[in-house]
Amino acid sequence: MNPPRRRHPPESGAMSLLRGRSILVALLWVCCGLSLPLRADEGLSEANLQHFASLRRRGLHRLAETELEHRLTWPRLKAGERTSLVLELAETLLSHARQLGESQRVALWERTREVIQAQLPNETEPARMFLLQLQLVLVDREETEACCRLATIAPWNQQSRDRGLRAATGGLSRLRQLHPFPSGTGRGTTRSGSQTITAAQKVRLQILQAELQTGEALLLPDNSDERASRLVAARQTLQTLVEQRTELEQAEWARVLLARVLRCEGDTRAAKALIDASRRKSQNSQIRAALAREEAECRLVESDLNEARRLATELYPNPAPEVSTEPGAWNDWLVAARVWIACWRSGMKSHSRLATRDLETAQQILERGVQVASGEWRELFGRLSESLEEEVAIGPDLANLSLQIQQALGQHDDQQADLLLARGAELALRRGLRDRAAEWGFQRGALAVERKDWQAAAADLLTVSREFPSHPKAPEAQLLGAYALGRQWRDQMSE
């Protein structure tokens with residue numbers, strides 16, 4: 001749940017532009033703060049702001065949304081009040097989306113954009129226009145980050161990857177169009193019309209820029225030139241911030257982000273050196289937790305499972321976080337579960353006596369996550385748990401083959417999917433996994449039907465109905481197979 005956006009009271013002559021969650025692709029959440037001067041008689045009162053923040057903290061999103069939408073129908077609202085209500089509604093919708101499933105989240109992200117875009121043509125004051133435009137960037141970042149998290153657990157979900165990539169690209173485009181665009185980290189200020197942007201504020205915008213660049217990179221195909229170039233761009237943005245020794249907390253977050261980018265580029269040695277240096281300098285508990293997660297990710301890349309195991313014991317167990325807490329604890333649990341899964345896989349290969357215990361630990365973490373988490377995080381724990389249970393049931397090599405099949409299907413590479421399904425069905429049958437062999441055989445036949453290869457479709461589907469008569473798909477396979485056989489005969493007659 002988002003912490004309340006902190007705004008100065010009207011008599012201070014300032015209003016917070018942004019104190020939202022700034023999300024790393026590595027499941028890191030940081031805070032961005034930005035202030036622009038507004039007239040003292042504009043915006044909502046502090047009491048109103050605290051009221052809506054309290055509703056969000058208690059999870060009463062629908063109540064807050066209904067009240068905000070009702071207030072927006074009032075005919076005599078001042079311009080500043082209307083924009084402030086729109087911003088509160090946008091923040092409430094984003095907070096609500098985090099508590100929902102994937103399809104519902106997508107709908108709320110679109111609704112948030114529509115609410116903001118509907119207000120933009122009615123707004124003429126530069127500072128308020130900046131607020132609205134920046135809030136659109138935050139929606140893009142929110143969607144990008146959620147898609148990156150899902151890609152870690154379900155990399156075959158190409159639809160989600162494409163959606164996140166569009167959001168990241170759109171967010172960077174919007175950020176470039178904001179005036180002034182953060183182009184440096186000098187000590188001075190930048191003026192835009194009647195607005196003044198300080199160096200510290202430009203730093204925060206650059207961190208937002210680096211987050212979007214990193215998210216865009218991680219949603220592009222692995223080992224692609226585009227991915228590499230986006231990571232280079234993110235690294236350059238962050239290195240500038242780190243080298244400039246800007247305000248302390250922001251520089252610390254920039255180092256965490258930079259360590260992630262270095263790891264994604266394959267330079268785990270540099271990433272670990274930066275993590276060690278940052279850990280010695282920082283006393284911030286959130287930053288130190290993020291550094292521990294990032295080091296665990298580096299150890300997984302290097303297959304240094306002893307160190308990864310040590311870090312996992314630090315990340316879990318944690319007290320089950322409340323719904324209103326920052327999701328760092330969920331990140332800890334998810335990374336720890338992935339470490340224990342990696343340890344179990346390694347132990348299975350080496351016939352280690354610890355393998356069973358590692359598996360039980362991973363299952364315990366995931367089960368508890370499904371029970372106490374909500375929304376997106378519950379989905380992530382659930383998806384990883386399902387993937388693990390499938391791997392336990394069919395073995396690591398067949399589970400890896402299953403992953404390749406899902407990736408090929410997600411990318412609409414039917415030729416590769418056909419080859420993988422044929423290999424998987426044969427291998428599963430040899431191992432006595434008849435249900436899995438029937439399932440993959442049916443999938444292969446269904447793909448042949450889609451591409452109108454009637455001969456292949458009839459052969460695959462009728463084989464499933466004949467060889468696996470007790471499988472739930474057998475009746476459907478027989479009907480589809482007969483249909484394909486009829487189409488094949490008709491095409492031959494027409495020739």
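Reckoned from all heavy atoms, side chains included, excluding hydrogens, waters and symmetry mates.
For R310, the CZ atom is densely surrounded, since the number of other residues' heavy atoms within 6.0 Å is greater than 12. The number of heavy atoms from other shown groups lying within 6.0 Å of CD (Q159) does not exceed 12. Q455 CD: 12 or fewer foreign heavy atoms inside a 6.0 Å radius. Under a cut-off of 6.0 angstrom, the local environment of CD in Q478 is sparse, with at most 12 non-hydrogen atoms contributed by other residues, nucleotides or ligands. Surrounding CZ of R451 are more than 12 heavy atoms belonging to other residues, nucleotides or ligands, all under 6.0 Å away.
What you find for I275 and A259 is that their closest heavy atoms are CG1-CB, 3.8 Å. Summarising the geometry of A90 relative to I116, their closest heavy-atom pair is CB-CD1, 3.9 Å, with the distance given to 0.1 Å. Contact detail for L212 and G171: the closest heavy-atom pair is CD1-C, 3.7 Å.
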Walk me through whether Q363 and E389 qualify under side chain to side chain donor-acceptor pair (under 3.5 Å). CA-CA 9 Å; Q363 290 171 325; E389 293 310 314; 3.0 Å; yes
Applying side chain to side chain donor-acceptor pair (under 3.5 Å) to E65 and T92, what does each step give before you reach the verdict? CA-CA 7 Å; E65 290 159 17; T92 302; over 6 Å; no
Between W156 and Q406, does the side chain to side chain donor-acceptor pair (under 3.5 Å) criterion hold? Intermediate values first, please. CA-CA 5 Å; W156 60 84; Q406 292 179 77; 3.1 Å; yes
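Aromatic pair Y316/W340: ring centres not closer than 6.0 Å.
Ion pairing between R105 and E379 holds under the 4.0 Å rule for side-chain N and carboxylate O.
Between atom CD of residue E294 and atom CD of residue E297 there is a gap of 6.0 Å, rounded to the nearest 0.5 Å. Atom NZ of K349 sits about 8.5 Å away from atom CZ of R345, to the nearest 0.5 Å.
Figure legend: R436 and W440 shown as a cation-pi pair, the cationic atom lying under 6.0 angstrom from the six-membered ring centre and within 45 degrees of its axis.
Using a 30° and 60° split on the angle between ring planes, H96 and H61 fall in the parallel class, below 30°. Between W377 and F381, the two ring planes are tilted [angle within 30° to 60°].
With hydrogens and angles left out, the side-chain atoms of T237 and Q206 include no donor and acceptor closer than 3.5 Å.
Under the salt bridge (charged side-chain N to carboxylate O under 4.0 Å, His left out) rule, E295 has a single partner from K272, R279, R288, R263, which is R279.
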